[in-house]
Amino acid sequence: MYSQITGIGSYLPGPPIGNDELARRGIDTSDEWIASRTGIRFRHLAENGETSSDLALHASRQALAAAGCAAVDVDLIIVATSTPDFIFPSTACLLQAKLGNQGATAFDVQAVCSGFVYALTVADKFIRSGSHRRALVVGAEVFSHILDWSDRTTCVLFGDGAGAVVLEASDKPGILASTLHADGAHHAILSVPGSVCKGVVTGDPFLRMDGQAVFKFAVRVLAEAADECCRIAEVSPSTIDWLIPHQANIRILEATARKMRIPLDKVVISVDRHGNTSAASVPLALDEAVRAGRIRSGQRIMLEGVGGGFTWGAVLLDF
Ligand code: UT7
C-alpha cells in the first residue's frame, strides 16, 4: 500500500505587497536590501480577522476539486500551522467544520516551516497502515499576526498563505520515502517565546530570529535530509526532476541545490513572490508549478522543510 497525491490547491490572501510598499509604510528598509539578501520581492498579507482556517479553506476546496472528490470523502485532515486560529480547538477541526466534513480524524501538526513535510509524512504513515484511505493535508499560516512590524530584521521576510494536497491510498507510489528530524537544543534561534496565562500574554508574542544561525543550519540540514531520503528510497539524487525546498531565502535554495549538485532550473522558486510562508511554502510552490505545467505526472519530486524547533525533513515522491 502506498499513498499518492491526487489533487493540489493553494491560496494567497489580498494583493501582492512589494518591498517598496513596506518602506512606504514606514519600515526602515529598501527593495534593494530585501531583494539582494533574500530574493523576496513580494508577499501577501491576510486581512485583519482573516485566519489560517480561512486560508486553508480556499486551498482545500481547490485541492478537493482537483482530486475530483468532496470534503465528505476525506477520512483524515491534518493542518500544519504555527499560527492556529485558537489555542484550541485545532485549526484542522475548524477547517473540518467549514468544509462540512463530519467524523474524519482531524488534528494540527506544529513543526513551523517543516510543518507541511511533517504533516505529509504523518498522513502517508496513516494511509500505509491501512487505517485511512484519503487525507487532506494542509499548510496554512498567517505569520503577519506574529510579526513585530517595528523589527525590520524579521518583518520583511514573511508572508501569509495556504497550500493543500489530497493524499490517497494507491497500489503504486506515490511517496517513496520520507525523513523527519528535530533538535530542540536549537529552539532559541527561531521562536515566538510567549504564551497566554490567566488572560495575560506572558513573554514575547512576536517572532524572534537569529538570522545567520538559521541560515547556516538550514543549508546544512536541507542537503543532509535530501541525501538521506534518497538513500532510504535507494535512488540517486540525479533522478530528481524537481526540488521544492522550504522557501525562506533564495540564497538558501541556491546553496542547497549546489550542495546536492542539482541545477537551479530544477528548483521550484516562489520565495520572490510569496516571501516565507512557513508551513504553507512547500505546497504553495508545488501547486504553482503544477498549475503552470512545469511539474507533470510521473515526475520525481523532493519536498523539503526546515524551521523552528529546530525541525527539518524531506519527502521524495513520484507525482
Ligand atoms: O524558515 C526559516 C526562517 N528564516 C530564514 O531562513 C532566515 C535565514 N537568514 C537569512 O535569510 C538572513 O540571515 C537574513 C536575510 C535574515 C539577514 O541577512 P544577513 O546578511 O545575515 O544580514 P545581517 O543580519 O547580518 O544584517 C546586516 C545589516 C545590519 O546592519 P548593520 O548592523 O550592518 O549596520 C542590519 O541591521 O542589515 C541590516 N538590516 C536591514 N537593512 C535594511 C537588517 N534587516 C534589514 C532590512 N532592511 N529589512
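Both counts, for ligands and for their atoms, begin at 1 and track the order of listing. The residues of the chain are indexed from 1 along the displayed sequence. Owing to the predicted nature of the structure, the values given are computational and were not obtained by experimental measurement.
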| D227/R231 salt bridge by N-O under 4.0 Å criterion | no

| note | among protein heavy atoms, the one nearest atom 10 (C) of ligand 1 is N249 ND2, 3.6 Å

| field | Derivation and outcome, salt bridge (Lys or Arg N to Asp or Glu O under 4.0 Å), residues D287 and R291 | value | CA-CA 6 Å; D287 186 49; R291 280 174 202 275; 2.8 Å; yes

| query | Taking atom types as modelled and ignoring hydrogens, do the side chains of E141 and T277 form a donor-acceptor contact shorter than 3.5 angstrom? | reply | no

| Which atoms of ligand 1 are found less than 4.0 Å from any heavy atom of I252? | 6 (O)

| Got D272 and T38 here, is their nearest side-chain heavy-atom distance under 4.5 Å? | no

| task | Flag the pair W312 / F217 as yes when their ring centroid distance falls below 6.0 Å, and as no otherwise. | result | yes

| query | Any protein heavy atom lying closer than 4.0 Å to atom 33 (O) of ligand 1? | reply | no

| said: Between R152 and D28, does any NZ, NE, NH1 or NH2 come within less than 4.0 Å of an OD or OE carboxylate oxygen? | reply: yes

| query | Do S30 and ligand 1 have an N or O pair less than 3.5 Å apart? | reply | no

| request: Using a distance threshold of 4.0 Å (strictly less than), state whether atom 14 (C) of ligand 1 has a protein heavy-atom neighbour. | output: no

| Would you say ligand 1 has an N or O under 3.5 Å from any N or O of V156? | no

| Shortest non-hydrogen contact between N249 and V271, atoms and distance | N-CG2, 4.0 Å

| task | May I ask you to list the atoms of ligand 1 that are less than 4.0 angstrom from any heavy atom of C113? | result | 1 (O)

| atom 40 (C) of ligand 1: the protein heavy-atom neighbour that sits closest, reported with distance to 0.1 Å | W33 CE2, 3.3 Å

| query | So, for H186 and F310, is the gap between ring centers shorter than 6.0 Å? | reply | no

| To the nearest 0.1 Å, how far is atom 5 (C) of ligand 1 from its closest protein heavy atom, and which atom is that? | V214 CG1, 3.6 Å

| query | Among protein heavy atoms, which lies nearest atom 8 (C) of ligand 1, and at what distance? | reply | G211 O, 3.4 Å

| remark: Heavy-atom nearest pair, D160 first then F143, reads OD1-N, 2.9 Å

| field | Shortest protein heavy-atom distance from atom 16 (C) of ligand 1, along with the residue and atom involved | value | L157 CD1, 3.8 Å

| Considering only heavy atoms of H246, which atoms of ligand 1 have at least one such atom less than 4.0 Å away? | 1 (O)

| said: Can you check which of R37, R251, Q212, R152 brings a heavy atom nearest to atom 38 (C) of ligand 1? | reply: R152

| query | What atoms in ligand 1 come closer than 4.0 Å to a heavy atom of D28? | reply | 42 (C), 47 (N)

| said: Go through it in stages, so that I can follow the logic: the residues are R251 and E254, the test is salt bridge (Lys or Arg N to Asp or Glu O under 4.0 Å), and I'd like the CA-CA distance, side-chain angles, deciding distance and then a yes or no. | reply: CA-CA 5 Å; R251 291 186 294 144; E254 287 166 352; over 6 Å; no

| task | May I ask you to list the atoms of ligand 1 that are less than 4.0 angstrom from any heavy atom of M209? | result | 3 (C), 4 (N), 5 (C), 7 (C)

| task | Specify the protein heavy atom at minimum distance from atom 2 (C) of ligand 1: its residue, its atom name, and the distance to 0.1 Å. | result | N276 ND2, 3.7 Å

| Heavy-atom distance under 4.5 Å between the side chains of V235 and L316, does that happen here? | yes

| From atom 19 (P) of ligand 1, is the closest protein heavy-atom distance below 4.0 Å? | yes

| request: Please say whether the positively charged group of R208, taken as NZ for Lys or CZ for Arg, lies over the ring of F206, i.e. under 6.0 angstrom from the six-membered ring centre and within 45 degrees of the axis. | output: no

| task | Among all protein heavy atoms, pick the one closest to atom 47 (N) of ligand 1 and tell me residue, atom and distance. | result | T29 OG1, 2.7 Å

| Hey, is ligand 1 close enough to T38 that some N/O pair sits below 3.5 Å? | no

| query | In terms of residue, atom name and distance, what is the protein heavy atom nearest to atom 6 (O) of ligand 1? | reply | A248 CB, 3.2 Å

